[in-house]
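Numbering of ligands and ligand atoms starts at 1, following listing order. By convention here, the first residue in the shown sequence is residue 1.
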Amino acid sequence: MKKIIKNGIIVTAADTYKADILIENEKIGLIGQDLSDPGAEVIDAEGHYVFPGGVDPHTHLEMPFGGTVSKDDFETGTIAAAHGGTTTVIDFCLTNKGEPLQNSIDQWHAKSKDKSVIDYSFHLMVGEMNDAVIDQLPSVIEDEGITSFKVFMAYKNVFQADDETLFRTLEEAKRLGALVMVHAENGDVIDHLVKKALQEGNTDPIYHALTRPPEAEGEATGRAAQLTGLADSQLYVVHVSCQEAVERISEARKKGYDVWGETCPQYLVLDQSYLEKPNFEGAKYVWSPPLREKFNQEVLWNALKNGELQTLGSDQCSFDFSGQKDLGKGDFTKIPNGGPIIEDRISILFSEGVKKGRITLNQFVDITSTRVAKTFGLFPQKGTITVGADADLVIFDPTVERTISVETSHMAADYNPFEGMEVTGQPVSVLSRGEFVVRDKEFVGKLGSGKYLKRARYGDFKLSSEEQLTIK
Ligand code: URP
Ligand code: ZN
Ligand code: ZN
């Protein structure tokens, strides 16, 4: 059924204006003043912003990690994402050395297909680069539409790849039109610092942060950026947490290297002192890179404002405090790394960013949606409000004041790291390809309604012929 969203203030990365939106056949059919259509359902958005659905470039749903599996799967994770105003997630598909890449991709399809309530896509982890892997990459790109490869520079003896793998991945990405993503921390140095801490009997959660210093992130970020320049390739640094890493990205960009940076809400509003909370509660804030000293928050905000960092990911990787995080009691290295963030990504950026004057409303849309869609080959199908784009829309109340709490959260984990934080603004209704997923703050979507998205090659905004935007 057709729909018209009336009287809302449309906000894109470029413009803010009042207009109506006609939705037809999953797409935005028309944008204009005083639209009417006798066959259309009318939705009044007076007093609300209408944003393009958020695109979260960084999630780990139902991911095996640290001897357990992340709590939110494609059902609870995408329902929570939708409540938070996100209508597309790009999840990390893990791979195992020596095994066919397609096996891992099939596993990821199996766990998402019947569950996801919003559209989704995958990045592919690259743990080794050799002739056998190189032979499989064309199919990964052409058949699966996976055009971003993730290399971990940390998590020694688990996910960590060596520099040869990183460099060869950059070369292959350049050749094939893919984007290389890095978890940039020096895993070898961290491994040494961790061993020393444990030998000295330092086992509390705070040692997670103290053994992963910002220099280790800055060094790895700079190394990845230099190798990108050498390969004349393209790089996206995930979850940037500190000044050292921002500086390396900024230097690379000044040299003309094609290097992008993402930060996450947790680094913008929480700091290292949270890991010192008593009764092992610091474990709730253990993720990698760790929370940093408070001054880094302003560095990250400034970097978002001036474009040194371009996107916001959630790095959603949730674990219960009870039964999962507590695996690390008496040994911080056994605390599973990650947290429940997906639902609050957009609200935190709006409240702390736009409302507090740190970024503009249009920058907010760019950082949470448009730039992500452009970077990962989804634009203009996703990431903007324009005729012919998918009708992924968020009707957002910019005035409501509320307190974030696990009690009202839709994520599955038993705590919320932002518990007690007061925010202004909330998505009220969310549509995915023209259908309500959330209506008046209630979930009304359908499990499995989310579609798998094949993405365009890096830098290529053109979509396949049937997906080309057409104006009727
Ligand atoms: O601690 C984190 N960030 N967990 C998820 C895996 C990763 O490194 O992104
Ligand atoms: Zn990571
Ligand atoms: Zn991550």
- Query: Among all protein non-hydrogen atoms, which one is nearest to atom 4 (N) of ligand 1, and what is the separation to 0.1 Å?
  - Reply: Asn337 O, 3.1 Å
- Task: Find, among atoms of His183 that are N, O or S, the one nearest to the Zn ion (ligand 2), and state its name.
- Result: ND1
- What one should report as the nearest heavy-atom pair of Thr211 and Ala197 is CG2-CB, 3.7 Å
- Task: Give me the ring orientation class for His183 and Phe152: parallel if the planes are under 30° apart, tilted from 30 to 60°, perpendicular past 60°.
- Result: tilted
- Contact between Phe65 and ligand 1, counting heavy atoms under 4.0 Å? yes
- Scan side-chain atoms only and decide if Asp414 and Ser322 contain a donor-acceptor pair under the 3.5 Å cut-off. no
- Message: Restricting to N/O/S atoms, is His60 within less than 2.8 Å of the Zn ion (ligand 3) or not?
- Response: yes
- Message: Tell me if the centroids of the rings in Phe396 and Tyr49 come within less than 6.0 Å of each other.
- Response: no
- Message: Heavy-atom contact check, 4.0 Å cutoff: does Tyr155 meet ligand 1?
- Response: yes
- His239 and His58 aromatic ring geometry - parallel, tilted or perpendicular at 30°/60° bounds: tilted
- If you count the atoms of ligand 1 from 1 in the order shown, which ones are under 4.0 Å from a heavy atom of Gly338? 1 (O), 4 (N)
- Message: Salt bridge check, Arg223 against Glu219: does any charged N sit closer than 4.0 Å to a carboxylate O?
- Response: yes
- Short N-O contact, Lys196 and Glu200, less than 4.0 angstrom: no
- Give the atoms of ligand 1, by number and element, whose distance to some non-hydrogen atom of Ser288 is under 4.0 Å. 1 (O), 2 (C), 3 (N), 8 (O)
- Atoms of ligand 1 close to His58 [distance to a heavy atom under 4.0 angstrom, numbered from 1]: 9 (O)
- With a 6.0 Å cut-off on ring centres, are Phe122 and Phe92 close enough? no
- Which angle, to the nearest 10 degrees, do you find at the Zn ion (ligand 3) between NE2 in His58 and OD1 in Asp315? 90°
- Counting from 1 in the order shown, the ligand 1 atoms closer than 4.0 Å to a non-hydrogen atom of Cys317 are 5 (C)
- Message: Is the contact between Asp315 and ligand 1 made by the side chain, the backbone, both, or neither, using heavy atoms and a 4.0 Å cut-off?
- Response: side chain
